[in-house]
Amino acid sequence: MILIKEDFSDFNTEEFPYDLGHTALGEYHHIKYDGYYGNFYDPTPLHQWRSLDGSWLITEENGIKYLEQNRGDNTKGAFLNVYATLTHKQRIYSSFTLEYNLRLFEVNNYSGMAFSYNTSRNYYAVLMKFNKISLVKRFDEDIDIIKSYDFDMNVSKDYHFKIIVDKNIKIYLDNKIIIEANIDYQIGKKIAFVGKSASRFSNLIVTLTDEEYKLHLENKTKEEKRISDKKKQYSELECIKKINLGKGGSGRQLRIAKTSGKTYLLFAQHQKRYIRDSFAHLSSLSLFEYESGKEIWHMGLQNNSLNNTLISCDLPFQIADINNDGKLELIYAQNFKVYFVDLLTKKLIKEMDTPIILGDPNVKNEPFYRLNVDAIRVADFEGLGYKGDFIIKDRYQNVWAYNFSEFKLLFRYHNKNTGHFPYIDDINNDGYDEILIGYDLLDHEGNFIWSLPMESDHTDEIIFAKLHKDLEPKFILASGNEGMNIINMDGSIYKHNEIGHAQRISVAKYDYDIEGLQIIATAFWGSDGIIRGYDYLGNVRSEYEMESNGSVCQPVMYDGINILCLTHSDKDGGLLDFNLDFVVKFPEDGHPTLCCESYDIDGDGISEILCWNQNELWVYKAKNFKTPKKKYSHYPDTGFSNYRGEYLISLDDLS
């Protein structure tokens with residue numbers, strides 16, 4: 001029985017779809033790039049490949065179509081073990097025979113086929129380089145060679161591989177057995193092309209004996225029934241509202257605020273200056289009233305083009321009552337000033353020039369006389385009892401802390417990489433906010449409390465939470481190439497986890513059968529789509545690889561009882577439980593899928609899910625739910641960011 005036959009005849013002779021700019025947009029936007037995907041997906045974007053073409057190319061010679069690894073080996077540093085990967089979507093639920101042809105165009109690095117493939121960092125593979133074929137097991141950064149076979153390679157030849165994939169694996173080269181070994185083969189996994197050398201593949205075939213095919217169908221049916229039975233425990237989603245955003249829509253640059261019994265949505269547009277996303281400035285802000293769906297006001301010339309709405313960073317705007325007058329203010333930076341205006345009327349309250357950076361020895365590679373603000377966040381560094389101070393920052397180098405009353409500089413930070421969005425909270429309950437900037441924890445006066453022994457990359461997301469009733473609170477960090485880390489209050493490392501380039505994190509009581517709270521984390525660069533579930537000790541309990549980008553990894557109070565994890569809202573996304581099974585899917589009703597956000601808009605304790613693009617916003621909610629008996633804390637509305645760890649925590653879950 002032939003389960004998979006791939007001769008690429010349905011593909012045009014062109015590159016497999018990819019992000020032409022090798023951007024970070026897919027960190028939190030769900031984007032499908034133009035082109036034909038067939039039965040495959042590519043889980044390995046990498047910024048080191050900017051100015052290079054795609055990883056995979058369909059070519060033809062003498063009437064035969066080939067898949068070429070078009071990347072070679074262009075990785076370094078923390079990404080040295082990134083293999084260009086093209087994964088087949090079919091899951092195989094029995095042992096099987098895998099056949100394909102392979103020729104190397106460059107012979108110093110490995111290329112081949114992965115199987116028992118769970119993620120781009122977790123698989124077995126048969127790989128070939130000059131004069132050597134190896135059976136390899138990979139898990140994260142550990143790549144172990146189980147057995148190898150040496151031979152005299154003809155570099156002009158296409159070699160035929162046949163692999164009998166079972167717990168006792170047999171590998172044939174041109175019909176001659178060359179390797180036999182025992183492996184921990186897992187059913188229900190995938191196959192994938194992997195490689196670090198320019199090479200070409202053809203005539204991929206997966207066959208099953210009659211007995212294997214029967215077992216495959218039985219196991220597949222069991223798995224589908226297991227998921228189907230789970231789905232029956234959850235109400236379906238229904239669309240409860242649609243808002244036309246006109247020209248005021250944007251990508252994932254949204255702030256949500258509640259005041260005077262109403263909910264408001266504020267969208268920001270931008271223009272890029274100088275170099276890519278590094279020095280963007282606000283070009284337009286548009287405020288919508290949620291209940292009526294009407295635009296209340298906008299400032300600046302609206303332009304909802306892709307260039308003005310999609311960006312891989314935060315934009316400098318927040319909503320907070322910074323003067324403690326009982327009304328909300330909009331705080332935003334534009335053209336080297338920070339403005340404070342009344343949210344509902346746009347009336348100017350105060351404005352401040354951004355700091356002069358020309359000649360500042362702690363500012364490198366900034367092109368302007370004054371600071372082009374990267375992000376804003378409010379704080380209480382003065383013990384006011386409310387968030388009457390604020391920070392502004394540049395991209396990765398410096399943070400300035402001011403009070404609102406006098407625009408007095410309270411402190412200045414310059415040490416390690418700042419990351420995108422500092423975490424601010426009264427961590428030690430002394431009445432003053434502390435601030436975790438990347439790898440450094442500072443007190444309210446800017447003095448160092450501790451600094452983590454980490455130097456590379458930067459921290460994308462931070463959560464401070466009590467994960468277990470018997471443990472002190474922990475810092476949970478998604479720190480890119482430094483991994484997902486759980487940090488003790490004294491700055492010692494409680495648990496370090498590799499996941500690839502750790503991108504997003506969330507904390508919630510995702511599973512009532514597991515003690516304590518749980519963490520879900522995602523990866524991006526070099527290993528996009530990996531999602532892992534961790535217990536309160538930081539141990540991996542589940543793993544899944546998305547077949548697409550843009551997973552926001554947000555906790556959703558779905559039905560008053562169950563908290564689920566939001567990925568994205570397209571047909572291959574949805575809501576996961578802690579086992580990382582999709583238990584709720586979005587209707588295929590034409591809704592926008594570029595962005596999504598979880599938020600309790602009406603205050604009933606149930607999360608609404610906002611789905612939007614530059615033109616429209618649709619809102620979903622479970623059809624049937626119960627009012628939650630518990631009160632949950634979540635990230636404050638005064639600190640919206642695309643780089644904040646999300647949490648949904650009830651003290652009852654820790655009692």
Side-chain angles (χ1 to χ4, degrees), residues 24-29 252-254 312-315 318 374-377 391 393 395-396 399 416-425 427 434-441 452 454 456-465 467 473-487 493-508 510 517-525 527-534 538 546 549-556 565-568 595-599 633-649:
L25 291 173
E27 289 175 345
Y28 47 81
H29 295 101
R252 208 167 185 275
Q253 300 293 340
L254 170 67
S312 60
C313 61
D314 281 333
L315 292 175
Q318 295 289 356
D374 178 69
I376 293 173
R377 184 164 188 184
I391 63 105
K393 66 183 288 291
R395 183 67 66 89
Y396 304 140
V399 174
K416 295 183 179 181
N417 194 307
T418 64
H420 286 276
F421 196 66
Y423 188 90
I424 296 175
D425 196 6
I427 291 164
E434 288 73 42
I435 177 170
L436 180 54
I437 305 173
Y439 303 126
D440 294 339
L441 181 65
L452 293 175
M454 300 176 185
S456 74
D457 213 331
H458 58 258
T459 295
D460 278 322
E461 298 195 351
I462 304 168
I463 297 173
F464 179 67
L467 298 174
K474 309 289 184 187
F475 297 92
I476 304 98
L477 279 64
S479 295
N481 302 333
E482 292 284 358
M484 194 285 285
N485 297 283
I486 304 176
I487 309 298
I493 298 174
Y494 180 73
K495 188 64 178 286
H496 166 74
N497 275 288
E498 293 180 347
I499 188 177
H501 179 93
Q503 187 64 50
R504 310 213 66 166
I505 47 173
S506 64
V507 169
Y510 284 114
L517 300 182
Q518 292 81 49
I519 302 166
I520 293 181
T522 68
F524 186 67
W525 289 124
S527 49
D528 184 24
I530 294 177
I531 302 179
R532 283 182 180 168
Y534 304 85
M546 296 288 292
N549 58 22
S551 294
V552 296
C553 187
Q554 280 192 320
V556 174
C565 181
L566 175 63
T567 58
H568 60 72
C595 307
C596 60
E597 176 81 24
S598 170
Y599 189 88
S633 62
H634 59 85
Y635 213 101
D637 294 349
T638 57
F640 269 94
S641 170
N642 288 313
Y643 300 91
R644 68 181 198 181
E646 302 286 357
Y647 57 88
L648 198 59
I649 300 174

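Judged by distance alone, with hydrogens and angles left aside, the side-chain atoms of Thr459 form a donor-acceptor pair with the main-chain N or O of Gly438 at under 3.5 Å. Judged by distance alone, the side chain of Gln253 and the main-chain N or O of Leu315 form a donor-acceptor pair under 3.5 Å. Here the side chain of Asp425 pairs no donor or acceptor atom with the backbone of Ile427 at under 3.5 angstrom. Put simply, the side chain of Arg532 gets close to the backbone of Glu498: a donor and an acceptor are under 3.5 Å apart. Between the side chain of Ser506 and the main chain of Cys553, a donor-acceptor pair closer than 3.5 Å is present.
Between Met484 and Ala502, the shortest heavy-atom distance links the atoms N-CB, 3.8 Å. Contact record, Ser551 with Ile531: OG-CD1, 4.4 Å, taken as the closest heavy-atom pair. Between Gly26 and Asn549 the shortest heavy-atom distance is O-CB, 3.6 Å. Summarising the geometry of Asp637 relative to His634, their closest heavy-atom pair is OD1-CE1, 3.7 Å, with the distance given to 0.1 Å. Minimum interatomic distance between Phe524 and Ala24 (heavy atoms only, all atoms of both residues): CE2-CA, 4.0 Å.
The closest side-chain heavy-atom distance from Ile519 to Ile486 is below 4.5 Å. Considering only heavy atoms from C-beta on, Ile499 comes within 4.5 Å of Tyr534 through its side chain. Residues Met454 and Ile493 are in side-chain contact: their nearest non-hydrogen atoms beyond the backbone lie under 4.5 Å apart. Proximity of Leu477 to Leu452: side-chain heavy atoms (C-beta onward) are separated by under 4.5 Å at one or more points. Looking at heavy atoms from C-beta onward, Pro636 lies out of side-chain contact with Arg644 at the 4.5 angstrom threshold.
Note on ring orientation: taking the six-membered ring where Trp is involved, the planes of Phe475 and Phe464 are tilted (angle from 30° to 60°).
Annotation: side chain to side chain donor-acceptor pair (under 3.5 Å) contacts of Ser633 (sequence neighbours excluded): none. The side chain to side chain donor-acceptor pair (under 3.5 Å) check on Asn481 picks up Asp457, His501, with sequence neighbours excluded. Applying the side chain to side chain donor-acceptor pair (under 3.5 Å) test to Thr638 and every residue at least two apart in sequence or in another chain returns nothing.
Interatomic distance, CD1 of Ile649 versus CD1 of Ile463, reported as 7.0 Å (0.5 Å rounding). The distance from atom CD of Glu461 to atom OG of Ser641, rounded to the nearest 0.5 Å, is 7.5 Å. In this structure, the separation between CD1 on Ile437 and CD1 on Ile424 is 8.0 Å, given to the nearest 0.5 Å. Within the model, atoms NE2 of His420 and CD of Glu27 stand 6.0 Å from one another, a figure rounded to the nearest 0.5 Å. Leu566 contributes atom CG, which lies 6.5 Å from atom OG of Ser598 (distance to the nearest 0.5 angstrom). Residue Leu441 holds its CG atom at 11.5 Å from OH of Tyr423, rounded to the nearest 0.5 Å.
Of the charged side-chain nitrogens involved, at least one lies within less than 4.0 Å of a carboxylate oxygen, so that Glu597 and Arg252 count as a salt-bridged pair.
Tyr643 pairs with exactly one of Tyr396, Phe421, Tyr635, Tyr28 by the ring pair (Phe, Tyr, Trp, His ring centres under 6.0 Å) rule, that one being Tyr28. Checked options Thr522, Asp528, Asp460; the residue passing with Gln503 is Asp460 (criterion: side-chain hydrogen bond (donor to acceptor under 3.5 Å, both in side chains)).
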